[in-house]
> 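Got a structure for you, questions after.
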Amino acid sequence: MTKYKMIYQDLLDKIKSGDIPANTYLPGEYELMKLYDASRDTIRKALNLLLQNGYIQKEKGKGSLVLDNTKIDFPVSGVMSFKELRKNMPGEVKTIVHVFDYSPVPVQLKKELYIDEGNIYHIERIREIDGEKIILDIDYLNASVIPNLTVEHAQNSLYEYIENKLGLKISFARKEITVIKATAEEKKLLDMNEYDLLVCVKSYTYLEDATLFQYTLSKHRPDKFRFVDFARRTE
């Protein structure tokens, strides 16, 4: 392991353990150079890695602020792909495609997708953050609207494929948030630890012409997320 990665890992361990608390500043570059017997360039590489992975924020004239990473901000009102969301998530993020299926629409999903017949894609993806499997995304997509999906698209970004390859415009979504009891299968798929409940975000997502193309159940381990929104008072 290179020296800057060793310094990065040591600082990261101290942040995660609370030895360096959230909302405090790391020692300055010169102090870190003395502490680790390292050059300024090596220290800056370590700090940049912390910055890129979402553990610190650089503030001009003040230094490197340690961010609170006990909970990940999850915007409720936006329509964003997980690939877009992960830019603001701390740590290493990995997507595991657990299910990828193409089949006739089952009876129980006809109402959810507003279709009487045709084929759908059923995709299940596990999101792993810093080695912990904490999100299960279950997507059902109308295959007549979103054709030719592949596992590679699911692994990368469905929305990127829909907008950049198919040339369709994703416009809005209707969302419902509930707390549900985790099933035995979900407990096997996710690292639930002592938790027995999941926060479920149910979404119906539409194109610009108001065509419903996706029904999603996104299930989150409750200790890891903070669901945020912007609200404006209206008369």
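Being a predicted model, the structure only gives us computed values, none of them experimental.
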> Enumerate the residue pairs fulfilling ring-ring contact (aromatic ring centres under 6.0 Å, His included) with a member in residues 91-110, sequence neighbours excluded, ordered by first and then second residue.
F100-Y121, Y102-Y121
> Residues sharing Y30's hydrophobic cluster, by side-chain heavy-atom contacts under 4.5 Å among ILVMFWY, directly or via others?
none
> Can you pull the salt bridge (Lys or Arg N to Asp or Glu O under 4.0 Å) pairs that have at least one residue in residues 145-157, sequence neighbours excluded?
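Found none.
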> Which residues pass the side chain to side chain contact (heavy atoms under 4.5 Å, CB included) test with E194, not counting sequence neighbours?
none
> Of all residues at least two apart in sequence or in a different chain, which pass the side chain to side chain contact (heavy atoms under 4.5 Å, CB included) check with T211?
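Counting only residues at least two positions away or on another chain, T211 forms a side chain to side chain contact (heavy atoms under 4.5 Å, CB included) with V145, L207, D209.
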> Could you tell me which residues satisfy side chain to side chain contact (heavy atoms under 4.5 Å, CB included) with K175, sequence neighbours excluded, listed by chain and number?
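Expected list: A173, V201, S203.
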> Identify, with sequence neighbours excluded, every residue that meets side chain to side chain contact (heavy atoms under 4.5 Å, CB included) alongside K94.
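So K94 forms a side chain to side chain contact (heavy atoms under 4.5 Å, CB included) with I96, E128.
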> Hey, could you give me each pair passing side chain to side chain donor-acceptor pair (under 3.5 Å) that has a residue in residues 106-115? Not counting sequence neighbours.
E112-Y204
> Residues in ring pair (Phe, Tyr, Trp, His ring centres under 6.0 Å) with Y4, at least two apart?
none
> If you look only at pairs with a residue in residues 22-32, which of them pass as a salt bridge (Lys or Arg N to Asp or Glu O under 4.0 Å), with sequence neighbours excluded?
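Qualifying pairs, neighbours excluded: E29-R40, E29-R44.
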> Using links of under 4.5 Å between side-chain heavy atoms of ILVMFWY residues, direct or through other members, which residues join V107 in one cluster?
none
> Show every salt bridge (Lys or Arg N to Asp or Glu O under 4.0 Å) that has at least one partner inside residues 158-172, sequence neighbours left out.
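Qualifying pairs: K83-E160.
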